[in-house]
Protein chains: 2
Amino acid sequence: MAKEITYSISQLAKHFDITPRAIRFYEDRKLLSPERHNSHRIYKEGDLVRLKLILRGKRLGFSLEEIRKTMELYDTEPNEKTQLLFVLDTISIHRQELETRQQDIRETLNEMKTVSNRIKKKLKELD
Amino acid sequence: MAKEITYSISQLAKHFDITPRAIRFYEDRKLLSPERHNSHRIYKEGDLVRLKLILRGKRLGFSLEEIRKTMELYDTEPNEKTQLLFVLDTISIHRQELETRQQDIRETLNEMKTVSNRIKKKLKELD
DNA sequence: CGAAAAATTGACGTTTACGTAAACGTGATG
DNA sequence: CATCACGTTTACGTAAACGTCAATTTTTCG
């Protein structure tokens, strides 16, 4: 069997352009739980995926606690009807939030275009 | 001439579903500067527009300082070529950031759909 | 093997964005 | 005009997300 690729904390930090301190902090807040070899943290592929999700969540403005809950929700995947319905409901709420944000971005991009055009016009007139 | 509609701080707060404290804080950070009548703040249409921009900026994850700079940039609109080019450049950077975020959202929405479908399938099998 | 490089665990410091409480001024209303 | 809701400033408190030492292992490498 192929030996899985592993990473030290500083390698991981460099890869994502963050500090080891941040990574340890995410672990403290239960968003990561890497293996250990004599107290040293060993990160595998799954940890990279999770970290990627964490950083994307942060870019979208979610708190670490929200990110943690969401990841927990998604990779638990229960079997009871009530729980499944709850997950669906939560996803639906998240989706609405994201769609609002998408609209926010579209509006902002449009305004930026308007300003850009006005400025370009001004620049042309400056000849 | 039509008397402009004005608002008290609490009316404004209610309208945007935030606290007066938050509004005063935005003023402290130079994002707002309403008129005064004997120390009392009087908000007009322009202030509403600015506040709307502030809140949208916050939803997009920008800091108040970033929002302040951006608003300043956009409503200064200089006449010197160098400055105009600088504004264009800044806008271009902001646009790239927003487009990244747009991509982040699209990815997340897709993942949510995948999970949703898996759950719905599970629910059907539960009969 | 022995020193330098890398990791670990505290623990206190910092910034952002307000919350909260105190102490006081203002304005509408019966 | 008295009262009472509403507004103001000042100032300290707080949660989130790390930054920054410091003191101690562990690992690695010539």
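Below, read A as the first sequence line, B as the second, and so on, with proteins coming before strands; counting in each chain starts at 1. These numbers were taken from a predicted model, which means no experiment stands behind them.
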Can you pull out every side chain to side chain donor-acceptor pair (under 3.5 Å) where at least one residue sits in residues 82-95 of chain A? Sequence neighbours excluded, please. none
Which side chain to side chain donor-acceptor pair (under 3.5 Å) pairs, counting each pair once, include a residue from residues 51-63 of chain B, with sequence neighbours left out? A:Asp104-B:Arg59, A:Glu107-B:Arg56, A:Thr108-B:Arg56, A:Glu111-B:Arg56, B:Ser63-B:Glu66
Name every residue in residues 27-61 of chain B that has at least one heavy atom under 4.0 Å from any atom of DNA chain D, in order of residue number, or write none if there are no such residues. B:Arg36, B:Ser39, B:His40, B:Arg41
Looking at residues 12-26 of chain A, who's got a heavy atom less than 4.0 Å off DNA chain D? A:Thr19, A:Arg21, A:Ala22, A:Phe25, A:Tyr26
What residues form a side chain to side chain contact (heavy atoms under 4.5 Å, CB included) with [X], not counting sequence neighbours?
X        : answer
A:Lys44  : A:Glu4, A:Thr6, A:Glu35, A:Asp47
A:Leu88  : B:Ser116, B:Ile119, B:Lys120, B:Leu123
B:Lys122 : A:Glu77, A:Asn79, A:Leu84

How would you list, by chain and number, every residue that makes a side chain to side chain donor-acceptor pair (under 3.5 Å) with B:Ser33, sequence neighbours excluded? none
Phosphate-side-chain proximity, A:Ser8 and C:dA6, N/O vs OP1/OP2 below 4.0 Å: no
Look up atom CG in B:Leu48 and atom CG in B:Leu32, then write down how far apart they are to the nearest 0.5 Å. 9.5 Å
So which nucleotide from D:dA17, C:dA17, D:dC6 ends up closest to the side chain of B:Ser63? C:dA17
Does anything in residues 11-27 of chain B pair up under salt bridge (charged side-chain N to carboxylate O under 4.0 Å, His left out), and if so which pairs, sequence neighbours excluded? B:Glu27-B:Arg36, B:Glu27-B:Arg41
Provide, to the nearest angstrom, the distance between the CD1 atom belonging to B:Ile67 and the C1' atom belonging to C:dC18. 14 Å
I need the CZ-P distance between B:Arg68 and C:dT15, as an integer number of Å. 17 Å
